[in-house]
Number of protein chains: 2
Amino acid sequence: MILKHSKQRDAIKNFLMTRKDHPTADVVYTKVREEFPNISLGTVYRNLTLLSEIGEITRIRVGDGIDHFDADVSSHYHFVCTHCGSVLDLDMESLSHINEIAGAGFDGKITGHITYFYGTCPDCTKLEQYS
Amino acid sequence: MILKHSKQRDAIKNFLMTRKDHPTADVVYTKVREEFPNISLGTVYRNLTLLSEIGEITRIRVGDGIDHFDADVSSHYHFVCTHCGSVLDLDMESLSHINEIAGAGFDGKITGHITYFYGTCPDCTKLEQYS
DNA sequence: CTCTAAATAGTAATGATTACTGTTATTATA
DNA sequence: TATAATAACAGTAATCATTACTATTTAGAG
């Protein structure tokens with residue numbers, strides 16, 4: 001399957017690159033529609049899936065049942081706020097050593113892990129102080 | 001809300017306790033229907049949700065978009081096979097130290113983490129050797 | 001035994017995502 | 001540059017897990 005260029009795909013990728021949070025498909029759809037008023041939701045989903053398959057973006061699943069997308073494909077961890085649901089990047093070292101820990105007593109092969117942290121985000125922490 | 005006893009709920013809990021893998025709601029439904037032929041899927045979902053809310057079972061989300069359930073509520077980690085999709089328990093120490101690592105450069109509060117490991121399960125590893 | 005509310009079965013609705021279909025746009029090549 | 005092949009599109013229908021609704025049944029307290 002040879003890729004052909006598409007303005008819609010560019011717009012989706014570009015929008016994702018401007019965001020440090022991790023929008024859902026629906027957020028991408030709403031935003032990109034400002035530039036392409038009749039882009040279809042299917043196009044957004046198809047391109048988000050395509051872009052993640054070719055490694056230009058990452059699909060993030062944090063247990064809320066909705067996929068989030070991230071233009072930062074470097075290996076990093078995410079934080080999910082249990083109060084407001086926002087998904088943030090964490091600046092921390094790689095935890096590859098935990099693969100060894102998990103593999104020690106396991107008969108199969110462990111090739112990686114998915115970890116996300118949860119708690120109260122900076123904004124919600126501030127709000128809590130005065131309530 | 002005072003809990004009332006229900007045979008259906010008992011059957012769901014009992015079935016989960018017999019399983020070391022982590023069935024989905026649909027698997028529970030299919031199995032419990034052998035004993036209660038006209039139990040409804042809604043009843044299965046309602047009870048799985050209720051049981052997890054009162055801490056008698058755990059809801060596991062491993063990124064396949066389908067909820068799995070576990071009668072073992074003790075803190076432990078899970079492994080997901082990228083070949084066959086099976087979800088297995090891992091016998092390993094707690095990784096609570098990674099909360100500190102994540103919290104070091106973070107402005108909010110970290111109260112926990114979700115981690116699952118992926119790779120090739122023992123069964124699929126055996127199959128690979130002869131293919 | 002009676003009453004109240006929890007739980008149920010059956011069904012309809014929801015919400016995220018994927019699939020389908022006929023049309024449009026990109027791009028390789030004549 | 002014109003043409004032809006096909007990737008990508010818009011619009012819509014379908015799927016799938018899950019939740020909500022409603023009338024009926026059942027548990028269990030008084």
- Just wondering, do B:Leu48 and B:Arg59 contact through their side chains at under 4.5 Å, heavy atoms? no

- For nucleotides 13-20 of chain C, just jot down a letter per nucleotide in 5' to 3' order: B, S or -, based on protein non-hydrogen atoms under 4.0 Å. ---SBB--

- Query: Do A:Ser6 and A:Thr43 touch side chain to side chain, with heavy atoms closer than 4.5 Å?
  - Reply: no

- Message: Do A:Asp26 and A:Thr24 pair up side chain to side chain, a donor and an acceptor below 3.5 Å, judged on atom types alone?
- Response: no

- Give the rounded distance in Å between these two atoms: CZ of A:Arg33 and P of D:dG11. 10 Å

- Task: For the side chain of B:Met1, starting at C-beta, report the closest nucleotide among C:dA7, C:dG10, D:dC9.
- Result: C:dA7

- A:Thr43 side chain near D:dA10 phosphate (N/O to OP1/OP2, under 4.0 Å): yes

- Would B:Asp70 and B:His78 count as having a side-chain donor-acceptor pair, cut-off 3.5 Å? yes

- A:Asp10 CG - D:dA8 C1' separation (whole Å): 13 Å

- Side-chain contact test, heavy atoms from C-beta onward, threshold under 4.5 Å: evaluate it for B:Leu3 versus B:Leu50 and give yes or no. yes

- Message: For A:His68 and A:Asp21, which I'm curious about, is there any donor-acceptor pair between the side chains at under 3.5 Å?
- Response: no

- OP1 or OP2 of D:dT26 under 4.0 Å from side-chain N/O of B:Gln8: no

- Can you check whether A:Tyr77 and A:Tyr116 have ring centres sitting under 6.0 Å from each other? no

Below 3.5 Å between N/O atoms, which protein atoms pair up with nucleotides 27-30 of chain C? Just atom names and distances, please.
from   : atom 1 : to     : atom 2 : distance (Å)
C:dT27 : OP1    : A:His5 : N      : 2.8

- Which of these nucleotides, C:dT8, C:dA7, C:dG10, is closest to any side-chain atom of B:Asn38? C:dG10

- Compare all side-chain heavy atoms of A:Asp89 with those of A:His22 and state whether any distance is below 4.5 angstrom. yes

- Taking OP1 and OP2 of C:dT8, is either one under 4.0 Å from a side-chain nitrogen or oxygen of B:Lys7? no

